[in-house]
Amino acid sequence: MTKAAEIDIASVSKVYGTTTAVHSISLKIPAGSYCCLLGPSGCGKTTTLRMIAGHETITTGDVLLGNKNVTDLAPAERGTAMMFQSYALFPHLDLVDNVAFSLKMKGIDKETRRAKAMEMLKLMQLEAYASRRPAQLSGGQQQRVALARALITDPEALLLDEPLSALDPFLKVRMRAELKKLQTSLGITFVHVTHSQEEAMALADIVVVMNDGRIEQAAPPRTVFERPATAFVARFMGDHNVISGRVTDKDDTSLTLAVAAGASFSAPADTVEIGQPVDIAIRTDRVTVGAETAAGYGFTGTISNIEYRGSSVKLAVSGAGIEDFTAILSDKVFFAQPVKIGEAIQLSWNAEDVIVLGRPH
């Protein structure tokens, strides 16, 4: 079952009347990889998935699966299978007939399709429930039936539209592990739409961060986390502080940026010219409290919120023209010298922890 296909999205756009939902995106998803399309509601991720599946027509551009151009093919002719958010199971059919449904549509005889359906239910550890109907199953079990039904056609790529959104938090984590295990054992390409950063980081080999119908960054999860490409990615991933300003000075090794309220910060050298806008990012867990600040690598602010998170404590600080700057401290560090809301506090960071962010294309 290792007939994975590379998916090549070439300059694909989707226009509804006067609204462009997807702006000429290009993306190569390697064969056999787990790819997550990540972004807020309305960013174009589900539309992109539906264009790969053939449930949505492409306005301009092409989708290639392996070396086959599937742009104008019907969904059933593409070699993809889609699992919908709602599962869309047939309430009046038992699990075997639910799973075998697409084979029935293809005219495959009853014995063959039922045997294949049982094989899929076994893969999902549901063979004991074969004669039950969907209403007699838990949410996690229904989801596995929907997966079995999508996989029975031996697709080269499985497309998943927010497959975990209906599950409770504990089941979500368990199903994440199941999906990863399944993808690894089947060896086929998975494309999974989600708005959960945690889900994308846990599952994907490649995370594609989308915003407003465009791709902001497509990279392995660690790269997206360690080196966000744009201010949007840094903010959306949620573990970075973004400082926006204008370049006031620069030399071969560094640049200085000033924020609107007048405070100045230092960053590594970049191609941005003096007078141009620039965004920098500092990871929330790389911020130190109370240490001496090297010029341009910190500021004094007032604590506006404190959240205890068990192993860590999250501080929100405002000052130097920056609203809501976040520092994540280990519980040990915080409780050694606890602080209160309203207190003044000195924050600092190291020069090597400053990332100059690119502008969206």
Side-chain angles (χ1 to χ4, degrees), residues 23-26 38-40 43-44 197 200-201 207-289 291-302 304 314-328 345-361:
H23 294 264
S24 190
I25 60 168
S26 291
L38 172 68
C43 72
Q197 299 87 328
M201 300 285 272
V207 175
V208 180
V209 184
M210 293 186 70
N211 175 36
D212 200 17
R214 294 178 172 86
I215 292 173
E216 296 263 341
Q217 188 169 11
R222 189 164 179 214
T223 306
V224 172
F225 183 75
E226 301 261 342
R227 309 291 309 174
T230 64
F232 176 83
V233 176
R235 287 192 180 104
F236 188 75
M237 296 314 288
D239 297 290
H240 293 82
N241 292 295
V242 177
I243 299 176
S244 299
R246 283 191 181 277
V247 179
T248 54
D249 195 16
K250 65 179 287 191
D251 58 30
D252 293 344
T253 58
S254 66
L255 55 84
T256 305
L257 67 136
V259 298
S264 285
F265 296 94
S266 299
D270 192 81
T271 53
V272 196
E273 295 304 324
I274 290 178
Q276 286 189 320
V278 68
D279 299 311
I280 60 169
I282 299 106
R283 253 191 34 205
T284 53
D285 59 345
R286 299 283 165 86
V287 179
T288 311
V289 169
E292 273 304 300
T293 308
Y297 296 105
F299 66 96
T300 303
T302 307
S304 55
K314 177 183 176 182
L315 304 182
V317 180
S318 297
I322 302 166
E323 291 289 316
D324 258 1
F325 192 91
T326 303
I328 305 274
I345 194 171
Q346 179 78 49
L347 299 181
S348 62
W349 51 86
N350 293 328
E352 64 266 24
D353 290 325
V354 180
I355 304 162
V356 177
L357 300 166
R359 293 266 149 193
H361 302 304

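Hydrogens, waters and symmetry mates are skipped; everything else that's a heavy atom, side chains included, is used. Counting from 1, the numbers follow the sequence of the chain as shown.
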*asked:* Quick one: does any side-chain atom of E216 pair with a main-chain N or O of N211 as donor and acceptor, under 3.5 Å?
replied: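 Checked: no pair found.
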When rounded to the nearest 0.5 angstrom, what is the spacing between [atom1] in [X] and [atom2] in [Y]?
{"X": "T248", "Y": "L257", "atom1": "OG1", "atom2": "CG", "answer": "7.0 Å"}
{"X": "I280", "Y": "S266", "atom1": "CD1", "atom2": "OG", "answer": "8.0 Å"}
{"X": "D212", "Y": "F232", "atom1": "CG", "atom2": "CZ", "answer": "9.0 Å"}
{"X": "F265", "Y": "I322", "atom1": "CZ", "atom2": "CD1", "answer": "3.5 Å"}

Enumerate the salt bridge (Lys or Arg N to Asp or Glu O under 4.0 Å) contacts for [range], please, sequence neighbours excluded, ordered by first and then second residue.
{"range": "residues 248-263", "answer": "none"}
{"range": "residues 225-247", "answer": "R222-E226, E226-R283"}
{"range": "residues 348-357", "answer": "R286-D353"}

*Report the C-alpha distance between L38 and M237 in whole Å, list the side-chain angles of each, state the deciding distance to 0.1 Å, and finish with yes or no for side chain to side chain contact (heavy atoms under 4.5 Å, CB included).*
CA-CA 10 Å; L38 172 68; M237 296 314 288; 3.8 Å; yes
*Pairs meeting criterion side chain to side chain donor-acceptor pair (under 3.5 Å) with involvement of residues 270-279, two or more places apart*: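 Counting only pairs at least two positions apart or across chains, the side chain to side chain donor-acceptor pair (under 3.5 Å) contacts touching residues 270-279 are S244-D279, D279-R359.
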Measure across [X] and [Y] and return the closest heavy-atom pair with its distance rounded to 0.1 Å.
{"X": "D324", "Y": "S304", "result": "OD1-OG, 3.9 Å"}
{"X": "G321", "Y": "A261", "result": "CA-CB, 3.3 Å"}
{"X": "S26", "Y": "I215", "result": "O-CD1, 3.9 Å"}

_Audit row: V287, I328, side chain to side chain contact (heavy atoms under 4.5 Å, CB included) steps and yes/no_ = CA-CA 7 Å; V287 179; I328 305 274; over 6 Å; no
_4.5 Å side-chain heavy-atom contact, V247 and I274_ =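 Counting from C-beta outward, V247 and I274 do come under 4.5 Å.
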*Would you indicate whether the side-chain heavy atoms of P228 and I355 approach each other to under 4.5 Å?*
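Of all side-chain heavy-atom pairs linking P228 with I355, at least one is under 4.5 Å.
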*asked:* My understanding is that only one of V224, T223, V233 makes a side chain to side chain contact (heavy atoms under 4.5 Å, CB included) with V207; could you say which?
replied: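 Only match with V207 under side chain to side chain contact (heavy atoms under 4.5 Å, CB included): V224.
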*side chain to side chain contact (heavy atoms under 4.5 Å, CB included) with L357: which of T230, V242, I243?*
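Testing each of T230, V242, I243 against L357, the sole residue satisfying side chain to side chain contact (heavy atoms under 4.5 Å, CB included) is V242.
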*Would you list the pairs meeting ring-ring contact (aromatic ring centres under 6.0 Å, His included) in which at least one residue belongs to residues 239-260, sequence neighbours left out?*
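Counting only pairs at least two positions apart or across chains, the ring-ring contact (aromatic ring centres under 6.0 Å, His included) contacts touching residues 239-260 are F225-H240.
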*Between N241 and W349, is a side chain to side chain contact (heavy atoms under 4.5 Å, CB included) present by the stated rule, with each step listed?*
CA-CA 12 Å; N241 292 295; W349 51 86; over 6 Å; no
*Could you list the residues that satisfy ring pair (Phe, Tyr, Trp, His ring centres under 6.0 Å) with F299, not counting sequence neighbours?*
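Ring pair (Phe, Tyr, Trp, His ring centres under 6.0 Å) check on F299 returns F325.
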